[in-house]
Amino acid sequence: MANHRKFWTLLIPLVPLSACTQSPGIDQINAWQQEAIAENNRLLKTYAKPSDQLQWHVMLQGQVQKPQRLNWQSLTQLSKTQITTKDSTLVNPEHPSRYRGIAVSTLLDQSKAQSDTITFVAADAYRATVARQDLQKYPILLAIEREDKPMTRADGGPVKLVFPISQYPELEKYNGTAWVFYVTHVIAGTEAPQVQVGKTLLLKKDLDRLPSTTITTPVSYRVGWQNGPVRLEGIRIRDLLPELPKTGWVTIRGKAPIHRDPQKPLRLPVNVVRNCDVIIARRWGDQATPISAPMGGPLTLAFAPACGAIAKTFPWITFVESLEISPP
Ligand SMILES: Nc1nc2c(c(=O)[nH]1)N[C@H]1C(S)=C(S)[C@@H](COP(=O)(O)O)O[C@H]1N2
Ligand SMILES: [Mo]
């Protein structure tokens, strides 16, 4: 993130350049300036696509009366709350910014959320969890505008979780790490475990009938897990897909857009799935505690140490939603 915000500094080298011994003419300076502007536009196009906004949607899931998909139009219509707050995720952390967005409490009331925690998931698979009580008590926003303008990706947009810490200093306990950028999912409590396997949706009762195994391994989930080996219990992918072909791939998708990008599907070679324990984990630790949404559950992808290098290079997918065999 921090890098993206620095694009505008690309224009700065223009100043020292004019101090060369053979001082450049006005045409040269203009040419350099045009180059710098063109490069800056290229970078902004790459990292802060304006089309992001219109295509963006936020899923409301978990322990709610009815899951919802909020498209950009709904997000805009629901954005009726403004707060002004300092923001430690910006370059100038003390500078107050005016944000407009949806009070998360509105969403929770509307959907009759039944849970003590709400987990926010982002396009990059980052996640953070906030106490329901605080969301109910304070105007914590899914912000869509800063200073009356849509936010670029570089600013954490198009949807950024913002806490009114200037007005309510007690919210400082939600420091930078809870300010989730590019929010795509709001999950009340933890969803019931279920996974789409090819054309079949396996529900909890189906998963309970499958054999499970235990592995002990260091994990590579982005946040919220201890360092060092963790005991994980789950179902081997080869037990979920008993008709594995000789060659080909198993495509795995999670909630986060980065874990379901059609341009860059996350595929495991069939032989890996056959030869070592690649599991869809459901429980962790000595107490076999169900993996909750704050940890990326109820279903996460995990590799036994015997899987070797792929365990280091393949993403450890949280919020697993589907598996499917893809041809070679
Ligand atoms: N989607 C998303 N949101 C995120 C993060 C992230 O990696 N992805 N990092 C968090 C952390 S750890 C901090 S401190 C703040 C500020 O991150 P920055 O300093 O990289 O801007 O954003 C938070 N929100
Ligand atoms: Mo951070």
Side-chain angles (χ1 to χ4, degrees), residues 1-9 43-44 46-49 52-53 55-61 70 72 75 83 85-97 99 101-102 104 107 117-131 134-135 138 140-147 149-166 169 171-187 219-227 253-261 264 266 293-297 300 315-319 321:
M1 285 315 303
N3 295 338
H4 306 174
R5 278 189 222 107
K6 291 193 185 102
F7 293 162
W8 291 112
T9 61
L43 290 169
L44 283 171
T46 310
Y47 293 100
K49 310 180 200 91
D52 255 14
Q53 269 87 15
Q55 282 155 29
W56 206 263
H57 53 265
V58 172
M59 305 292 292
L60 183 58
Q61 298 174 317
L70 302 166
W72 190 251
L75 294 171
I83 60 173
T85 184
K86 60 185 178 178
D87 178 342
S88 69
T89 71
L90 295 180
V91 178
N92 182 350
E94 292 303 317
H95 182 77
S97 296
Y99 283 104
I102 309 172
V104 178
L107 289 184
T117 61
I118 308 294
T119 298
F120 298 84
V121 183
D124 61 349
Y126 186 81
R127 80 191 109 80
T129 299
V130 179
D134 291 330
L135 293 164
Y138 304 101
I140 296 165
L141 301 190
L142 282 173
I144 63 163
E145 278 177 12
R146 179 169 161 265
E147 304 297 336
K149 283 196 216 57
M151 288 170 285
T152 63
R153 281 286 186 119
D155 269 337
V159 179
K160 170 173 161 178
L161 190 62
V162 172
F163 296 76
I165 52 170
S166 293
L171 290 176
E172 300 247 16
K173 65 182 173 188
Y174 296 111
N175 61 6
T177 63
W179 295 53
V180 181
F181 306 155
Y182 4 101
V183 174
T184 54
H185 294 74
V186 177
I187 305 166
V219 300
S220 305
Y221 304 112
R222 276 204 62 176
V223 274
W225 289 74
Q226 71 200 54
N227 292 321
R253 294 188 198 85
K255 280 193 195 305
I258 200 180
H259 289 163
R260 54 184 321 114
D261 181 354
K264 226 179 126 224
L266 295 172
M295 296 176 82
T300 67
W316 287 53
I317 302 175
T318 45
F319 305 106
E321 291 196 328

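Atoms within each ligand, like the ligands themselves, are counted from 1 in listed order. This is a predicted model, so every value here is computed, not measured.
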Participant: How does Y182 reach ligand 1, if at all, at less than 4.0 Å between non-hydrogen atoms: by side chain, backbone, both, or neither?
Facilitator: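 The side chain, only.
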
Participant: Which atoms from ligand 1 have a heavy atom of A122 less than 4.0 Å away?
Facilitator: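 Reading through ligand 1 atom by atom, the close ones are 1 (N).
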
Participant: Find all atoms of ligand 1 within a distance of less than 4.0 Å from any non-hydrogen atom belonging to T89, and give their numbers and elements.
Facilitator: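 Contacts of ligand 1 toward T89, numbered from 1: 15 (C), 16 (C), 21 (O).
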
Participant: Classify the contact between R222 and ligand 1 as side chain, backbone, both or neither, using a heavy-atom distance cut-off of under 4.0 Å.
Facilitator: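 Looking at R222 and ligand 1, just side chain atoms fall under 4.0 Å.
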
Participant: Does ligand 1 have a heavy atom under 4.0 Å from the side chain of Y126, from its backbone, from both, or from neither?
Facilitator: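 Answer for Y126: side chain.
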
Participant: Is there side-chain contact between V159 and L75, with heavy atoms separated by less than 4.5 Å?
Facilitator: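 The answer is yes; the side chains approach within 4.5 Å.
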
Participant: Check each of F120, Y138, Y99, W179 against F163 using the ring pair (Phe, Tyr, Trp, His ring centres under 6.0 Å) test, and report the only one that passes.
Facilitator: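 With F163 as partner, ring pair (Phe, Tyr, Trp, His ring centres under 6.0 Å) holds for just one option, W179.
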
Participant: Restricting to side-chain contact (heavy atoms from CB on, under 4.5 Å), what partner residues turn up for T177, sequence neighbours left out?
Facilitator: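 side-chain contact (heavy atoms from CB on, under 4.5 Å) list for T177, sorted by chain: Y126, N175.
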
Participant: Given F319, which partner from the list R260, H185, R127 fulfils the side-chain contact (heavy atoms from CB on, under 4.5 Å) test?
Facilitator: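 That would be R127.
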
Participant: Give the atoms of ligand 1, by number and element, whose distance to some non-hydrogen atom of W179 is under 4.0 Å.
Facilitator: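 Heavy-atom distances to W179 below 4.0 Å select 4 (C), 22 (O), 23 (C), 24 (N).
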
Participant: Contact between R146 and D155 at the side-chain level, heavy atoms closer than 4.5 Å - yes or no?
Facilitator: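 With C-beta onward as the side chain, the pair touches.
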
Participant: Got a sec, which residues hit salt bridge (charged side-chain N to carboxylate O under 4.0 Å, His left out) with K255, two or more places apart in sequence or on another chain?
Facilitator: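 Checked K255 against salt bridge (charged side-chain N to carboxylate O under 4.0 Å, His left out); matches are E191, E321.
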
Participant: If you measure every N or O of F181 against every N or O of ligand 1, does any of those distances drop under 3.5 Å?
Facilitator: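 For ligand 1, there is an N or O atom that lies under 3.5 Å from one belonging to F181.
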
Participant: Any nitrogen or oxygen of T177, side chain or backbone, less than 3.5 Å from one on ligand 1?
Facilitator: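 No; the residue has no nitrogen or oxygen that sits under 3.5 Å from a nitrogen or oxygen of the ligand.
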
